[in-house]
Amino acid sequence: NAGVTQTPKFRILKIGQSMTLQCTQDMNHNYMYWYRQDPGMGLKLIYYSVGAGITDKGEVPNGYNVSRSTTEDFPLRLELAAPSQTSVYFCASSPRGDWGGYTFGSGTRLTVV
Amino acid sequence: RKEVEQDPGPFNVPEGATVAFNCTYSNSASQSFFWYRQDCRKEPKLLMSVYSSGNEDGRFTAQLNRASQYISLLIRDSKLSDSATYLCVVGGGSQGNLIFGKGTKLSVKP
């Protein structure tokens, strides 16, 4: 049972480039989330989804976009990368939203130069 | 008041010590509470849920005081392997999500 799988683990982008962070879960969870974690800071919610075809903005959505075409996949798209997007990105899933614990992927360390 | 507030530490303790972490939260309507553990450069992992009656899991005891909006985690007989950052987590975010504190760093020394 793989849980939540994120790829890539590391990436360096140049300013203005775009990329997609992949996230897949095999637990049939309806709820999925993207967080970013900056050094010394708490996790900030970027986007979330309560089921296939349904997505919504979190507290820091600017510069990002998501889609949820299947229950398993929840990719995060960065358009026109900026240095402020240098961070560690975590994808998570949950069977019951904030009533249940989240299972996190191992993260993607992104550096924008 | 910040949504979830924790003492950032670090807490440096010897093996075998008892250490307590505290956390306060701002949303009185929150209904779910957790402690997560995050090792250096790793993802957060669920340590335990926190219930109003208090709960214990081996050397770990969690307490919740709804009136004071206060959560605690007690670790007894600390092990070297307990060294990590402990995140206080509260449900009821504006998007129905979990709100994560910044974490308290624990370092257990031989």
Side-chain angles (χ1 to χ4, degrees), chain A residues 2-7 9-10 21 23 25 27 29-51 54-61 66 74 87-111, chain B residues 1-10 21 23-52 55 57 60 62 64 71 73 84-105:
Chain A
V4 179
T5 302
Q6 286 185 243
T7 57
K9 293 190 183 302
F10 305 93
L21 282 65
C23 176
Q25 54 96 3
M27 298 172 285
H29 289 171
N30 283 325
Y31 296 81
M32 294 189 75
Y33 308 86
W34 275 105
Y35 283 88
R36 60 176 286 172
Q37 186 176 38
D38 299 318
M41 303 297 289
L43 290 151
K44 299 292 185 187
L45 182 65
I46 306 171
Y47 268 95
Y48 68 102
S49 169
V50 300
I54 306 168
T55 63
D56 211 342
K57 296 178 181 179
E59 58 183 309
V60 290
V66 294
F74 190 41
S87 189
V88 181
Y89 291 85
F90 289 105
C91 178
S93 73
S94 171
R96 295 181 292 161
D98 68 340
W99 283 97
Y102 291 178
T103 300
F104 283 86
S106 58
T108 295
R109 293 187 174 275
L110 176 67
T111 302
Chain B
R1 182 195 252 181
K2 293 180 183 175
E3 288 186 288
V4 179
E5 201 154 3
Q6 297 182 249
D7 182 339
F21 304 135
C23 165
T24 57
Y25 61 95
S26 61
N27 184 358
S28 59
S30 293
Q31 297 290 328
S32 54
F33 309 89
F34 309 91
W35 283 100
Y36 275 70
R37 170 193 170 126
Q38 186 172 24
D39 292 297
C40 187
R41 301 178 75 82
K42 298 286 189 180
E43 73 273 22
K45 292 185 178 178
L46 179 64
L47 179 65
M48 57 196 306
S49 301
V50 187
Y51 304 114
S52 295
N55 48 301
D57 182 2
F60 299 83
L64 168 65
I71 306 165
L73 176 68
T85 296
Y86 291 82
L87 308 177
C88 177
V89 183
V90 176
S94 57
Q95 286 91 14
N97 56 297
L98 294 179
I99 305 295
F100 289 77
K102 294 181 182 180
T104 299
K105 187 172 182 178

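Values below: all heavy atoms of this structure, side chains included; hydrogens, waters and symmetry mates excluded. Throughout, protein chains are lettered first and strands after them, A, B, ... in sequence-line order, and every chain is numbered starting at 1. Since the structure is predicted, the reported quantities are computational estimates derived from the model, not experimental observations.
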*Does the pair B:Asp39 and B:Arg41 meet the rule for a salt bridge (charged side-chain N to carboxylate O under 4.0 Å, His left out), with working shown?*
CA-CA 6 Å; B:Asp39 292 297; B:Arg41 301 178 75 82; over 6 Å; no
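If you look at B:Phe21 and B:Tyr86, their ring centroids are closer than 6.0 Å. The distance between the ring centers of B:Tyr25 and B:Phe100 does not fall below 6.0 angstrom.
For the residue pair A:Ser106 / A:Lys9, a side-chain donor-acceptor distance below 3.5 Å is found, with atom types taken as modelled. With no hydrogens or angles considered, no side-chain donor-acceptor pair links B:Thr104 and B:Asp7 at under 3.5 Å.
Under the 4.5 Å side-chain criterion, counting only non-hydrogen atoms from C-beta, B:Val90 is not in contact with B:Phe34.
In this structure, no portion of A:Gln6 lies under 4.5 Å from any heavy atom of chain B. For A:Leu43, the parts lying near chain B are the backbone and the side chain together; criterion is any non-hydrogen pair under 4.5 Å. If you measure heavy-atom distances from A:Tyr35 to chain B, the contacts under 4.5 Å come from the side chain alone. Using a 4.5 Å cut-off between heavy atoms, A:Lys44 makes no contact with chain B at all. Contacts of B:Phe33 with chain A are absent, with no heavy-atom separation under 4.5 Å from either backbone or side chain. Proximity to chain B (any heavy atom under 4.5 Å) is restricted, for A:Tyr48, to the side chain, taken from C-beta onward.
Counting heavy-atom pairs closer than 4.5 Å to chain A, the top-ranked of the candidates B:Gln6, B:Lys105, B:Lys42, B:Gln31 is B:Gln31.
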